[in-house]
Amino acid sequence: LRLSIIFLLLSLSLVIFASLPKTGSSQPNTPATAWSKIVEAFSTLQTADTDGAPHESIVTLSNQLNTALAYYNNATILAAQNNTAAADNYSTRSLNISTSVASEAKTLDDTARSQQLARQELAYGTAFVLAVVSAALVVEVDRFQRLFRKKKTVRIERESS
Amino acid sequence: MQHRKAVVFLVFLASFTIVYSSVAFFALSKAPAQAFIGFGVFASNGSLSNYYQNSGAPNVTIGQTLNWHLQIANRIGRVQLAEIVVRMGNLTTIAPTQTGPANAPDIEESIITVPNGENSTVNFDWKILSVSHPGRLTYLNLEINGKQVRPVVGAVSGQGFRLIFELWTFEGQSGSFQYGYLGDTGRVGNWLILWFNSAS
């Protein structure tokens, strides 16, 4: 009975271990995966640029993406020469840089969007406040004229007395 | 009287809102500019001439290394992923047009990211390693940026070869490189051709 319980526990732990999600997959990074990440990083970078991210940051990330492209280029050359291990190594380097660029570009884009929204809110808010003040001034112009005239009369009376 | 005043106020409020919002929109908008990408091939001395390092005919001798620089100037308004496709042509090759590439085989491709308002340079170092004459035509064995290339295009007596440089840009919608670049009125072809003879 004891043996069968141990066997049952062992089998159960084996099933649980087998069903666990595999983290840190050992699948190699091929030039194709490196390229798809470069495309993703570039698209995010272009969106950030369109949304008004700072030019210096875009230039810095572009230079990093060019390094990723150079590694990708090496990977494709090595893959064509059937040097799979070296090709995968360069693909991984390219992938790491592209992932970093994509992440930084996303942050830049989020910041640029919120700044753009704040600028728009400020500009159109100011425009509306100015419109209210201007409309009030135009409608109440006779009241202001009367007020100024009255003040002027009082001042003249005070000076003459 | 109060009702009339309220109506007048609302009319003026709407009018002023339109005027001031237009000013705000103008202030927030980017200044209009013509979108284009400049593309140039520079000789080793940085000039747009004397590509073959001799004053006469564009003759390239076997083993003569030429260090050219391909420059892309991005004035599109946003960062671009550009590809330079190099093709080998001869006298009968149909040259690229505003709408389509040349019909010659491509022998080299370089991809580079170019930020808006910046110039990016790609090196193009090449030499003729050897020539062969299997028939009436002369075929070249080239080395381009350290890679050996054997174009399938030949030329009679080695005369009238041409290197065709085409600019392609990455388009997000199709997820691929497209010929030329997207200008204000559609796609614009951008290419350069340099003729040479193989002088053995």
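A note on names: the letters A, B, ... follow the listed sequences, proteins ahead of strands, and every chain is numbered from 1.
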Would you kindly confirm whether [X] and [Y] end up in one hydrophobic cluster when ILVMFWY residues are joined by side chain heavy atoms under 4.5 Å apart?
| X | Y | value |
| --- | --- | --- |
| F165(B) | W195(B) | no |
| I164(B) | Y179(B) | yes |
| I107(B) | I62(B) | yes |
| F39(B) | L182(B) | no |
| I37(B) | V86(B) | yes |

Shortest non-hydrogen contact between H55(A) and N116(B), atoms and distance: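 Of all heavy-atom pairs spanning H55(A) and N116(B), the closest is CE1-O, 2.8 Å.
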
Other residues, nucleotides, ligands: >12 heavy atoms within 6.0 Å of [X] [atom1]:
| X | atom1 | value |
| --- | --- | --- |
| L10(B) | CG | yes |
| F42(B) | CZ | yes |
| F36(B) | CZ | yes |

Can you find a pair of side-chain heavy atoms, one from [X] and one from [Y], that are under 4.5 Å apart?
| X | Y | value |
| --- | --- | --- |
| F16(B) | V138(A) | yes |
| Y20(B) | T126(A) | no |
| F42(A) | I111(B) | no |

Tell me, for [X] versus chain B, whether the close heavy atoms (under 4.5 Å) come from the side chain, the backbone, both or neither.
| X | result |
| --- | --- |
| V59(A) | both |
| V132(A) | both |
| L69(A) | side chain |
| L61(A) | neither |
| A136(A) | both |

Side-chain (N66(A)) to main-chain (T113(B)) donor-acceptor, under 3.5 angstrom: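 Yes: the side chain of N66(A) pairs with the backbone of T113(B).
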
Let me have the donor-acceptor pairs involving side chains of residues 116-124 of chain A, under 3.5 Å, with sequence neighbours excluded, atom names and distances please.
none

Looking only at heavy atoms and a cut-off of under 4.5 Å, which of L130(A), I58(A), T50(A) has the most pairs with chain B?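 If we count pairs closer than 4.5 Å to chain B, L130(A) comes out on top.
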
CD-CD distance between Q80(B) and Q46(A), expressed to the nearest 0.5 angstrom: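 So the CD of Q80(B) and the CD of Q46(A) are separated by 5.5 Å.
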
Enter the distance from L65(A):CG to I112(B):CD1 here, rounded to the nearest 0.5 Å.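 Result: 10.5 Å between the selected atoms.
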
